[in-house]
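The chains referred to below are lettered A, B, ... by the order of the sequence lines, with proteins before strands, and numbering in each begins at 1. Only this structure's heavy atoms are used, side chains among them; waters, hydrogens and symmetry mates stay out.
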2 protein chains.
Amino acid sequence: MTVQDIRAFNRFYTNVIGALDYSRQLYAPYTLTESRVLYELAHSPRTDAADLRTELSLDAGYLSRILNKFEQDGLIERTASARDPRRRRVTLTARGRETAALLAERADESVGALLATVPSADRPRLSEAMRTVRTLLSDGRPPRREDVLLREPRPGDLGWIVARNAALYAAEYGFNADYEGLVARIVADFAEDHDPHLERVWIAELDGRPVGCVMCVRDEAPATARLRLLLVEPDARGLGIGDRLVAAVVDFARGVGYRDLVLWTNDVLAAARRVYQRHGFVLAAEKPHRSFGRDLNGQDWRLDLTGAVG
Amino acid sequence: MTVQDIRAFNRFYTNVIGALDYSRQLYAPYTLTESRVLYELAHSPRTDAADLRTELSLDAGYLSRILNKFEQDGLIERTASARDPRRRRVTLTARGRETAALLAERADESVGALLATVPSADRPRLSEAMRTVRTLLSDGRPPRREDVLLREPRPGDLGWIVARNAALYAAEYGFNADYEGLVARIVADFAEDHDPHLERVWIAELDGRPVGCVMCVRDEAPATARLRLLLVEPDARGLGIGDRLVAAVVDFARGVGYRDLVLWTNDVLAAARRVYQRHGFVLAAEKPHRSFGRDLNGQDWRLDLTGAVG
DNA sequence: CCCGGATTCTTGACTCAGTCAGAGATATCG
DNA sequence: CGATATCTCTGACTGAGTCAAGAATCCGGG
């Protein structure tokens, strides 16, 4: 049950944050809230009091008093906002920036002490996990198409293709271990010997992690390319990644002079089929077969690259 | 810089926790601290006041007052501890358990609302990431040998072997993409056709994630087995995982009747070499070669399985 | 242009979570 | 037995954060 996981994590992390300020000296002579305000001022370019209030969810009266104190201490200056005289524009003075830097340094130290307890080999995993939590809980801001990047594979990405193909098809369609072998074979053939001008792999990346892939290789038939291993992670579907991957293959194949683009798939893969159809592929043949521990309908699809574009 | 990552995460998570109690009704008629005490009472079997104090880092006077309030409300009973009359044993009444359950339910609801903003496809990743953060920051409790489990590969694990071999050797020794091809070939050969009685793969698992692997396959020479693809993740090294994997192969090979166990490695892999030596392997041949974009010294090692054990 | 309602900030008054110090009772150690 | 430490409780206090009222200003509708 994920709710319990989250609550356990909340209790745990409340303690972590509490422990960071064990000495009660972290923010002196200010409070946690005051230092959050100072941080916000130091890091966001234009700040009216109202922005601070909404950003940090503070009570208006409370914030007003905090700003009074900051002004007395010479950390900020308050002027009327240009576009709305009710609003107060707040700007840090040089001294305010110094103080913010000092507090930041102390926080760095304290966090550094915590980090020192983590073996350095584990730190990348920690960063990664924290980033995952943040992006997933960031009020569900759905990832946008522009966040997806197509790129060449890097070391480990071919293995990722094998792993994710195997795991996903096992989970979604009950394919057995034979499928992992097939994918590994395809990947091995590609890695050991391919003409980079005529054969290529694309990785779709979202927030720094791979979420999709596709491969284009030469087919036995002359002037024919074959599209293989199209895959999009479930949690990244609906962003048009499949379309972009297929489009990349089609453009590439046409660009380097192939006349035909073919692919083999199975009728259970409905979502992929729709992608192929959108790009003009037509069903050329269909044949039942038993593979990967299941009875399947294999399909050959074909796209004529010499025809009119679009 | 990881310190900045952590601080960013702290700021972020402070807001998350704050947002959970947006209505200020979560704990009514109690406070956050009071409900933490109640939670602790409901979840740990025997609790003296002193235990609560240390567990939750509370002021003694503050806790005393909280317990007064609970007693007045009929949530707890206080008796003298048997072994030390200064200490007060605190036990929940039926009503106290009810109240704790009620608060827990409300917290569940609130967290549930948060969780509802996360697409269900992402939830396993969220749990996983939270668990990672927790285990890594849990005051550095180092994983123990007993936490490591050897098991058969599951769908995706063979791909994991390819990915991690490629990524680690690229990072640590600068191997190029050829190496990923080689590993994919080995894995593909294994997956497509292997005799489970004579050939096998082991995955080492720590806290539910794979951290190591090894493969045992038949060699061309008669009655000879070959150990391949020994790998341990950097952050899981020092737990004797390499030893256990090699031991698994040696035992298996001897058990099914092989007379020799051979392996090929390179002299740059010093840590692995020591593991092999500990298990009685002896260097049979050494030859320089150029592979994976580097000049290397390949080594053939051999272990006679028919000799005396141990 | 003016009116009503909403928004922004400020201030006074308050609550109550949490801290600190002292005292009584009891354990532990020499 | 005496000295010292520990556990709990109470009184007295601090100060972080909340609530409500009011002044200034904006905005939309007649």
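Going from atom CZ of B:R53 over to atom P of C:dT19 covers 13 Å, rounded to whole Å. Remark: C1' of D:dG15 and OH of B:Y62 are 14 Å apart, rounded to the nearest angstrom. Taking atom CZ of residue B:R86 and atom C1' of nucleotide C:dT28, one finds them 8 Å apart after rounding to whole Å. Atom-to-atom, CD of A:E71 to P of C:dT11 comes out at 10 Å; the value is rounded to the nearest Å. In this structure, B:L52 atom CG and D:dT8 atom C1' are separated by 13 Å, rounded to whole Å. Computed from coordinates, the B:I66 CD1 to D:dT10 C1' distance equals 15 Å when rounded to whole Å. Note: CZ (A:F70) to P (C:dT10) measures 14 Å, nearest angstrom. Rounding to whole angstrom units, CG of residue A:L63 and C1' of D:dT18 are separated by 14 Å.
Using a cutoff of 4.0 Å between basic side-chain nitrogens and carboxylate oxygens, A:D235 and A:R209 are scored as salt-bridged. Between A:D122 and A:R125 there is a salt bridge, since a side-chain N of the basic residue sits under 4.0 Å from a carboxylate O of the acidic one.
Of the residues A:D48, A:T91, A:N68, the one that meets the side chain to side chain donor-acceptor pair (under 3.5 Å) test with A:R78 is A:N68.
For the pair B:T31 and C:dC16, the criterion of a side-chain N or O lying under 4.0 Å from OP1 or OP2 is not met. Residue B:N68 has no polar side-chain atom (N or O) positioned under 4.0 Å from OP1 or OP2 of D:dT8. Taking only side-chain nitrogens and oxygens, A:R78 never comes nearer than 4.0 Å to OP1 or OP2 of C:dC9.
Nearest heavy atom pair, residue A:R278 against residue A:D243, reads NH2-OD2, 3.0 Å.
Each of B:A50 and A:L58 has a nearest nucleotide on DNA chain D; the 5'-most of these lies closest to B:A50. Heavy-atom nearest nucleotides on DNA chain C were determined for A:S64 and for B:Y30, and the one closer to the 5' end corresponds to A:S64. With the nearest nucleotide of DNA chain C identified for both B:G61 and B:K69, B:K69 has the one nearer the 5' end.
Remark: the A:R87 side chain and the C:dT8 base include no donor-acceptor N/O pair separated by less than 3.5 Å. Residue-to-nucleotide contacts include a donor-acceptor pair under 3.5 Å from the side chain of A:R65 to the base of C:dG12.
Set against D:dC19, C:dC9, D:dC9, the side chain of A:D59 has D:dC19 as its closest nucleotide. Comparing D:dT8, C:dC9, C:dA27 against the side chain of B:R88 picks out D:dT8 as the nearest.
Residues A:I66 and A:F70 form a side-chain contact, since some pair of their non-hydrogen atoms from C-beta on lies under 4.5 Å apart.
Residue contacts shown for A:A49 are limited to sugar-phosphate atoms, with no base heavy atom under 4.0 Å away. Residue contacts shown for A:T33 are limited to sugar-phosphate atoms, with no base heavy atom under 4.0 Å away.
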